[in-house]
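So that the names make sense, note that chain A is the first sequence line, chain B the second, and so on, each numbered from 1.
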There are 4 protein chains.
Amino acid sequence: MGSDKILENKRIKMTKLYDAAYDLFTSNGVRNTVIDDIVKSAGVAKGTFYLYCKDKYDLVDKIILKKSAAVLSSAMETVEQEEAAHHFDFQQCVACFVDYMIEYFKKDTKLLELIYKNLTFELYEKMMNYEEMDSAREAFISNFINTGVNNQTAQHRLYIIVSMVGAVCYNSLVLKVPYQIDAVKPELYHSIKRILS
Amino acid sequence: MGSDKILENKRIKMTKLYDAAYDLFTSNGVRNTVIDDIVKSAGVAKGTFYLYCKDKYDLVDKIILKKSAAVLSSAMETVEQEEAAHHFDFQQCVACFVDYMIEYFKKDTKLLELIYKNLTFELYEKMMNYEEMDSAREAFISNFINTGVNNQTAQHRLYIIVSMVGAVCYNSLVLKVPYQIDAVKPELYHSIKRILS
Amino acid sequence: MGSDKILENKRIKMTKLYDAAYDLFTSNGVRNTVIDDIVKSAGVAKGTFYLYCKDKYDLVDKIILKKSAAVLSSAMETVEQEEAAHHFDFQQCVACFVDYMIEYFKKDTKLLELIYKNLTFELYEKMMNYEEMDSAREAFISNFINTGVNNQTAQHRLYIIVSMVGAVCYNSLVLKVPYQIDAVKPELYHSIKRILS
Amino acid sequence: MGSDKILENKRIKMTKLYDAAYDLFTSNGVRNTVIDDIVKSAGVAKGTFYLYCKDKYDLVDKIILKKSAAVLSSAMETVEQEEAAHHFDFQQCVACFVDYMIEYFKKDTKLLELIYKNLTFELYEKMMNYEEMDSAREAFISNFINTGVNNQTAQHRLYIIVSMVGAVCYNSLVLKVPYQIDAVKPELYHSIKRILS
DNA sequence: CATGAATGAGACTTCATTCAT
DNA sequence: TATGAATGAAGTCTCATTCAT
């Protein structure tokens with residue numbers, strides 16, 4: 001059917017825009033990227049941009065949402081595989097997850113920067129309503145509760161850990177504080193373990 | 001002397017610009033503030049702006065640096081006073097410091113947001129070279145070492161704690177994650193204690 | 001026959017476009033109405049618009065032409081009925097016609113505005129070539145001549161009266177000059193009478 | 001003083017913009033004139049345009065206001081001179097005024113078109129608040145009352161005459177109706193006389 | 001030093017029109 | 001015929017920066 005081809009075409013245009021914008025945003029920063037750069041790089045007309053996005057920052061949001069969900073998904077998948085393969089307990093699962101994240105962002109520092117620098121209240125809310133987010137949190141929380149802590153405490157501790165790991169990654173990888181991520185990693189895992197136990 | 005008056009005049013202009021810009025940056029965001037807004041609000045001419053700052057982002061950096069140093073100084077002062085008054089041990093000093101910070105940023109969320117959103121590698125480096133920063137770190141590290149951990153570990157753990165507290169504050173106060181800062185505070189202090197011990 | 005249905009379909013599309021455009025033009029003005037508004041409001045595709053109209057201004061012209069002819073026709077019909085019913089003389093016929101027009105445009109100020117604001121030389125010429133226009137003019141002129149003035153003078157006076165009434169209506173109803181149409185009506189009729197006699 | 005030079009410079013820029021825009025608006029129409037045309041023709045930078053005008057239509061309004069006031073002023077001046085020189089009575093003054101207007105707009109049809117096509121309710125209100133407007137109206141009204149009609153009637157009749165003359169001029173000169181202004185002029189003066197007496 | 005009018009590059013956005021489906 | 005995604009020229013407007021006063 002004809003409409004299939006049209007839909008496929010639309011998908012291609014979107015993808016082109018997303019990919020071009022992602023490259024430009026991470027290479028040159030959002031501020032230094034103008035719509036013209038994006039459309040030229042994507043090989044589409046300027047009007048096409050406005051067919052898919054309200055403005056530059058709308059596209060930033062969309063990209064962050066998409067990329068974050070993808071990273072989270074593959075992290076969770078990895079944890080599940082490892083858990084099944086090595087009969088990981090909860091602490092090991094958390095460590096595995098954290099490790100996946102650190103290793104991922106070591107390779108893609110620019111994405112981490114993009115996410116942090118452009119995370120707003122509104123975007124955060126949207127993120128939290130993503131299915132991937134919710135199921136990931138549920139998985140951890142339920143396992144946490146199994147270790148004996150109450151639900152509320154579990155949620156708070158998990159939140160603290162996520163905040164801590166995120167901040168350490170960001171500081172070490174993006175702000176390039178004197179401490180390299182690999183150097184603080186042992187203490188980071190140590191801290192997680194202490195918080196969890 | 002005449003040059004005193006000139007210097008005083010310069011200081012006044014500078015302060016006007018800082019104050020006006022700070023209000024605008026925190027109310028409307030850096031992106032939505034243009035030089036014209038700043039000079040109008042400060043009551044100086046546009047050209048005058050360029051006598052004192054390279055551009056908008058230069059002013060942002062200067063404001064963050066100034067405000068951060070002020071907050072840090074008064075935090076350290078408070079800790080010292082409390083330490084002297086109640087014979088605090090190291091853990092209590094850290095808790096006191098963290099508490100001061102949380103309470104401060106609860107009242108001035110916008111400053112926290114300004115700092116986090118505009119912290120760059122370059123600015124971070126400048127911050128670290130500030131005397132206040134250094135003496136504060138030294139104070140904590142030396143105390144930390146007294147508890148028996150080695151220097152390197154002490155530095156890493158302190159770094160993790162600072163990152164953790166900063167991130168939790170930012171998330172709770174700025175991103176307004178589901179967990180209110182007062183609600184997670186107990187677990188935050190618990191986590192700090194566990195990391196320190 | 002199939003072609004009947006096709007023609008009927010075309011007529012429906014056309015009508016939808018006319019009606020939607022008329023509403024938008026009169027509500028928001030021609031300048032603030034874009035083709036997209038029209039086709040969305042009409043429920044047809046953008047491409048369809050170009051099957052029926054050259055551009056936005058072509059549609060404006062068509063609408064003005066259609067609406068003007070309709071108003072004029074019903075005005076003339078009314079005059080004829082009243083003339084037959086009450087044995088009106090020429091002055092009474094003119095007054096009746098003017099009254100119909102005023103009352104009509106009082107209820108549909110927006111149409112009056114649309115016509116006046118978008119009346120061009122070209123459109124005016126097309127209007128004058130409409131059968132309704134011509135027969136209306138002929139009717140008045142022949143009656144006018146019967147009152148004793150020569151053809152040329154009759155034409156000029158009629159033209160002056162029509163201009164005057166149109167302008168007074170437009171000024172009072174659209175530009176909302178300090179004088180309300182009902183307040184100036186007596187003087188308007190008085191003026192017409194003086195010009196005619 | 002230095003500020004004199006600056007003020008003079010500002011006046012020159014404004015005048016350049018007004019003159020360039022007036023020429024373009026009257027030659028090519030408002031719709032077909034873009035800001036770029038205006039600033040290029042005026043020899044100023046694009047930003048300068050926005051220093052003086054909100055947008056294109058704001059400039060149209062300003063030009064109409066300025067030109068209208070100028071025409072009205074010189075018309076009034078002429079009437080006063082003629083009145084003093086030939087001991088004109090009221091009817092003769094009105095005829096003189098109308099004549100001045102007709103002759104003026106015959107030479108500058110484009111200005112008449114610009115005014116009529118772009119006269120809005122808001123602009124009309126502003127015009128009415130102009131001193132020139134008011135004093136001109138007062139002059140006519142007071143003379144009219146001297147002929148014995150009451151104030152209200154005088155105002156309405158004057159309003160009808162102005163509307164009528166304006167419309168006849170516009171139709172004859174801009175819409176180029178079959179009747180040339182010089183051909184209808186006798187009947188126009190006849191009509192005015194009849195309305196006034 | 002201080003001013004603020006002028007600049008103009010360049011950002012953003014619209015929208016009439018086309019054309020493959 | 002009808003569609004509506006895609007186009008990109010053309011437009012509006014902003015705003016950092018300069019420089020004559």
Side-chain angles (χ1 to χ4, degrees), chain A residues 1-14 31-40 43-57, chain B residues 3 5-7 9-10 13 33-40 43-58, chain C residues 3 5-7 9-10 13 33-40 43-58, chain D residues 1-14 31-40 43-57:
Chain A
M1 241 176 80
S3 96
D4 275 11
K5 201 166 179 183
I6 288 170
L7 252 68
E8 175 62 12
N9 254 325
K10 279 183 74 166
R11 217 193 44 72
I12 290 170
K13 295 266 148 143
M14 278 242 60
R31 215 159 70 202
N32 302 316
T33 303
V34 297
I35 312 272
D36 229 53
D37 298 338
I38 299 171
V39 296
K40 257 175 204 150
V44 302
K46 215 184 265 184
T48 308
F49 178 91
Y50 290 95
L51 228 47
Y52 294 102
C53 310
K54 206 178 72 59
D55 56 29
K56 188 170 73 172
Y57 300 100
Chain B
S3 95
K5 204 169 176 184
I6 287 169
L7 274 159
N9 251 326
K10 277 188 70 168
K13 285 257 152 80
T33 303
V34 297
I35 311 259
D36 225 55
D37 297 336
I38 299 170
V39 296
K40 256 176 203 149
V44 302
K46 223 175 192 175
T48 309
F49 179 92
Y50 291 94
L51 297 175
Y52 294 100
C53 310
K54 203 175 75 58
D55 58 25
K56 185 170 75 171
Y57 300 100
D58 179 40
Chain C
S3 96
K5 206 168 173 182
I6 288 170
L7 273 161
N9 251 325
K10 277 187 71 169
K13 285 257 151 81
T33 302
V34 297
I35 310 260
D36 226 54
D37 297 336
I38 299 170
V39 295
K40 256 177 202 147
V44 303
K46 224 176 192 174
T48 308
F49 178 92
Y50 290 93
L51 296 175
Y52 294 99
C53 310
K54 203 176 76 60
D55 58 25
K56 186 169 74 171
Y57 300 99
D58 178 40
Chain D
M1 240 175 79
S3 96
D4 274 10
K5 201 166 179 180
I6 289 170
L7 251 67
E8 175 61 12
N9 255 325
K10 279 183 75 166
R11 214 191 46 71
I12 290 170
K13 294 267 148 146
M14 278 242 60
R31 214 160 72 203
N32 301 316
T33 303
V34 296
I35 312 273
D36 230 53
D37 298 337
I38 298 170
V39 295
K40 255 175 207 151
V44 303
K46 215 184 265 185
T48 308
F49 177 91
Y50 290 96
L51 228 47
Y52 294 101
C53 311
K54 207 178 71 59
D55 57 28
K56 188 171 71 174
Y57 299 100

Inset, instruction - Look up atom CD1 in I38(C) and atom NZ in K46(C), then write down how far apart they are to the nearest 0.5 Å. - result: 11.0 Å
Legend entry - Contact state string [nucleotides 10-17 of chain E, B base, S sugar-phosphate only, - no protein heavy atom under 4.0 Å]: BSBBBSBB
Inset, instruction - Can you sort out the partners of Y57(B) under side chain to side chain contact (heavy atoms under 4.5 Å, CB included), two or more places apart, ordered by chain and number? - result: R31(A), V30(B), D55(B)
Inset, instruction - Give the dot-bracket string for DNA chain E, reading 5' to 3', where a pair is Watson-Crick or G-U wobble with both distances under 3.5 Å, ( ) marks pairs inside the strand, [ ] marks pairs crossing earlier ones, | marks a partner on another strand, and . marks unpaired. - result: .||||||||||||||||||||
Inset, instruction - Name the closest nucleotide to the T48(B) side chain, picking from dA6(E), dA2(E), dA5(F). - result: dA2(E)
Inset, instruction - Under the side chain to side chain contact (heavy atoms under 4.5 Å, CB included) rule, collect the residues that match up with Y50(D), sequence neighbours excluded. - result: I35(D)
Legend entry - Protein-nucleotide distance (L51(D), atom CG; dC13(F), atom C1'), rounded to Å: 13 Å
Legend entry - Whole-Å distance separating the OH atom of Y52(A) from the C1' atom of dT7(F): 12 Å
Inset, instruction - For N32(D) and for K13(A), find the nucleotide of DNA chain F with the closest heavy atom, then tell me which residue's nucleotide is more 5'. - result: K13(A)
Legend entry - Distance in Å, K10(D) NZ paired with L51(D) CG, rounded so as to fall on 0.5 Å steps: 7.5 Å
Legend entry - Carboxylate-amine/guanidinium proximity below 4.0 Å for E8(D) and K5(D): no
Inset, instruction - Sequence neighbours left out, what passes side chain to side chain donor-acceptor pair (under 3.5 Å) with K40(B)? Give chain and number order. - result: D36(B)
Legend entry - Closest nucleotide among dT21(E), dT7(F), dG4(F) to the V44(A) side chain: dT7(F)
Legend entry - Side chains of I6(B) and N9(B) in contact at under 4.5 Å (non-hydrogen atoms): no
Legend entry - Length of the CG-C1' vector between N9(A) and dA20(E), whole Å: 10 Å
Legend entry - Euclidean distance, atom NZ of residue K10(D) to atom C1' of dA20(F) [Å, nearest integer]: 15 Å
Inset, instruction - Could you pull out all residues at least two apart from D58(B) that satisfy salt bridge (charged side-chain N to carboxylate O under 4.0 Å, His left out)? - result: K62(B)
Inset, instruction - Would you mind reading off the distance between E8(A) atom CD and dA6(F) atom P, rounded to a whole angstrom? - result: 12 Å
Inset, instruction - Would you kindly give the CZ-to-P distance between R11(A) and dA6(F), to the nearest whole Å? - result: 12 Å
Inset, instruction - Quote, to the nearest angstrom, the C1' distance that separates dC1(E) from dT21(F). - result: 13 Å
